[in-house]
Structures are given as structure tokens and as C-alpha cells.
**Student:** 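The structure is given below, and queries will be raised subsequently.
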Amino acid sequence: MSTQEQRNNTPHVLVVDDEYFNYEMLSMALSDAFTLSYADSGKSCLSNAIAHKPDAILLDVCMPGLDGYDTCRMLKNTPETKDIPVVMVSGLESKQEQQAGYEAGCDAYVIKPFTIQSLLEQLKSMV
């Protein structure tokens, strides 16, 4: 099977994080199960998700400019992206922060640090 054929059969996950290092770590851990792409901001997430519709979005909450909550609201209120599952990833673990994520429209809220296995299971259940 060619790399292109393999990509076509592998779910695409858009990772949105202002820290490229986090993307690199996730890429190494998840690349066997998913094709990953990267956006470094909420704004680039929106344009990327419309142009290359992913099967799921891993969205960091704490980003400068458009934070994860606002980005998620925009994704869920845009016809082209409203059905894409969004997993918010954050070090903010209070019930209020998690509630804010769900109110913004996320499908799951994962607290850092997390195990790669739990993240994999969460993503696989969505795509």
C-alpha cells in the first residue's frame, strides 16, 4: 500500500496548539493510528479545518489570541466544521474549566498530563 493510500484510510486529526513541541510529541505517539496536521492558533485552525476537513480536532485551551473555548464555539457554529468532533486538551482541571469546554461545544475534555493510551481511545471512539 502506498503512503497516499495509507493516508486515505487513516483518520486525519488536526492538532491545534501554540507550542509546536506538543504537536511533535503527539505526532510521534499517534502517527501509527492517525494522520496528523498542525495549526498554531485558533484562527489557523478554522481556515485549516474548512480547507482540509479533519476527522477530529485536538484543541489546546490556553492559546494567545483566540483561545480554545472561542475556537471551539466558532468551529461548532460554522456549517463546514460543526460536525467535526473536538477534543479539548488542557492543564486546567477544575470542574468550571471542563464545564466551559462542554458549553463551548467540545465532545471531550482531556486533562494534561494524560496517557497516550487514554487519548488514543478517546480519539478512536470519535472517528
Side-chain angles (χ1 to χ4, degrees):
M1 184 183 307
S2 75
T3 306
Q4 188 59 44
E5 286 173 320
Q6 189 176 4
R7 274 208 180 106
N8 291 341
N9 295 331
T10 308
H12 170 215
V13 175
L14 175 59
V15 177
V16 186
D17 198 310
D18 57 318
E19 297 288 333
Y20 188 76
F21 175 77
N22 292 334
Y23 168 73
E24 288 181 316
M25 297 301 292
L26 288 168
S27 185
M28 284 189 284
L30 302 175
S31 62
D32 286 346
F34 302 100
T35 300
L36 275 75
S37 60
Y38 175 69
D40 64 357
S41 68
K43 189 175 179 183
S44 65
C45 166
L46 293 166
S47 58
N48 196 317
I50 291 170
H52 310 284
K53 190 173 180 179
D55 296 298
I57 296 173
L58 265 181
L59 179 60
D60 186 29
V61 170
C62 296
M63 295 185 292
L66 207 55
D67 70 10
Y69 301 126
D70 289 336
T71 302
C72 188
R73 270 195 253 343
M74 291 178 83
L75 286 164
K76 294 301 183 176
N77 287 305
T78 301
E80 298 90 337
T81 58
K82 68 181 176 58
D83 296 327
I84 301 170
V86 175
V87 179
M88 294 188 104
V89 181
S90 177
L92 306 172
E93 56 186 275
S94 74
K95 290 286 180 220
Q96 292 89 342
E97 296 291 346
Q98 292 178 53
Q99 187 61 38
Y102 286 111
E103 286 172 2
C106 77
D107 298 276
Y109 190 100
V110 176
I111 297 167
K112 296 177 190 176
F114 51 81
T115 66
I116 291 301
Q117 190 58 41
S118 66
L119 185 62
L120 256 175
E121 288 167 11
Q122 190 78 57
L123 284 169
K124 283 182 177 179
S125 74
M126 294 183 168
V127 295

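The basis for the numbers below is simple: all heavy atoms, side chains too, and nothing from hydrogens, waters or symmetry mates.
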**Student:** Any side-chain heavy-atom pair from L26 and L119 closer than 4.5 angstrom?
**Tutor:**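 The answer is yes; the side chains approach within 4.5 Å.
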**Student:** Around atom CE of M126, are there more than 12 heavy atoms from other residues, nucleotides or ligands closer than 6.0 Å?
**Tutor:**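 Yes, CE of M126 has more than 12 neighbouring heavy atoms, counting only those of other groups under 6.0 Å.
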**Student:** So, do Y102 and M88 sit near enough that their side-chain heavy atoms are less than 4.5 Å apart?
**Tutor:**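 SC-SC contact between Y102 and M88 ruled out.
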**Student:** Between K112 and D60, does any side-chain N to carboxylate O distance fall below 4.0 Å?
**Tutor:**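 A salt bridge links K112 with D60.
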**Student:** Is there side-chain contact between Y23 and V15, with heavy atoms separated by less than 4.5 Å?
**Tutor:**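 Y23 vs V15: side chains touch.
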**Student:** Ignoring hydrogens and geometry, is there a side-chain-to-backbone donor-acceptor pair from K76 to T81 under 3.5 Å?
**Tutor:**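 Judged by distance alone, no pair lies under 3.5 Å.
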**Student:** Is there a path from L123 to I57 through hydrophobic residues (I, L, V, M, F, W, Y) whose side chains come within less than 4.5 Å of each other?
**Tutor:**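 Hydrophobic grouping puts L123 apart from I57.
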**Student:** Check for me, please, whether V13 and V110 land in the same ILVMFWY cluster - side-chain distances under 4.5 Å, paths through other members count.
**Tutor:**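 Shared cluster, yes.
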**Student:** Nearest heavy-atom pair of C45 and T71: which atoms, and what distance?
**Tutor:**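 Minimum heavy-atom contact is SG-CG2, 3.9 Å.
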**Student:** Answer whether the closest heavy-atom distance between the side chains of K43 and S41 falls below 4.5 Å.
**Tutor:**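 With C-beta onward as the side chain, the pair touches.
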**Student:** I need the C72 SG to L59 CG distance, nearest 0.5 Å.
**Tutor:**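 Separation between the atoms: 6.0 Å.
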**Student:** What's the spacing between E19 CD and C62 SG if we round to 0.5 Å?
**Tutor:**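 Taking CD in E19 and SG in C62, the distance rounds to 11.0 Å.
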**Student:** Should V16 and L92 be regarded as members of a common hydrophobic cluster, given that ILVMFWY residues are connected when their side-chain heavy atoms come within less than 4.5 Å of each other, either directly or indirectly?
**Tutor:**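 Yes; tracing contacts between hydrophobic side chains, which count when under 4.5 Å, links both residues.
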**Student:** Given 3.5 Å as the limit, does a donor-acceptor pair link the side chain of D107 with the main chain of V86, or not?
**Tutor:**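 Checked: pair present.
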**Student:** Same hydrophobic cluster for L120 and M28, using side-chain heavy-atom links shorter than 4.5 Å among ILVMFWY?
**Tutor:**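 No, no single cluster joins them.
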**Student:** Would R73 and D67 pass as an ion pair if we require N to O under 4.0 Å?
**Tutor:**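 D67 and R73: not salt-bridged.
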**Student:** At their closest point, which heavy atom of A33 faces which heavy atom of K124, and how far apart are they?
**Tutor:**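 Reported closest heavy-atom pair: CB-CE, 3.9 Å.
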**Student:** Where the side chain of Y38 meets the backbone of D17, is there a donor-acceptor pair that is under 3.5 Å apart?
**Tutor:**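 Looks like yes, one N/O pair under 3.5 Å.
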**Student:** Report the distance from atom CD1 of I116 to atom CE of M25, rounding to the nearest 0.5 Å.
**Tutor:**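 CE of M25 is found 7.5 Å from CD1 of I116.
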**Student:** Measure across G42 and M63 and return the closest heavy-atom pair with its distance rounded to 0.1 Å.
**Tutor:**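 Of all heavy-atom pairs spanning G42 and M63, the closest is N-CE, 3.9 Å.
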**Student:** What is the minimum heavy-atom distance between K53 and H12, and which atoms define it?
**Tutor:**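 That closest heavy-atom pairing would be O-ND1, 4.0 Å.
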**Student:** Are side-chain heavy atoms of I84 and L75 found at a separation under 4.5 Å?
**Tutor:**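 They are not in contact (no side-chain heavy atoms under 4.5 Å apart), so the answer is no.
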**Student:** Check whether any side-chain heavy atom of L58 sits under 4.5 Å from a side-chain heavy atom of L30, and report yes or no.
**Tutor:**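 L58 vs L30: side chains touch.
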**Student:** How close do S37 and L14 get, heavy atom to heavy atom, and via which atoms?
**Tutor:**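 Of all heavy-atom pairs spanning S37 and L14, the closest is OG-CD1, 3.4 Å.
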**Student:** Taking the side chain as C-beta and beyond, is there a heavy-atom pair between S90 and E97 under 4.5 Å?
**Tutor:**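 Counting from C-beta outward, S90 and E97 never come under 4.5 Å.
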**Student:** Are side-chain heavy atoms of D55 and F34 found at a separation under 4.5 Å?
**Tutor:**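 Heavy-atom side-chain distance check fails, nothing below 4.5 Å.
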**Student:** Where is the tightest heavy-atom contact between V127 and A56, given as atom of each residue plus distance?
**Tutor:**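 The pair with the smallest heavy-atom distance is CG1-CB, 3.7 Å.
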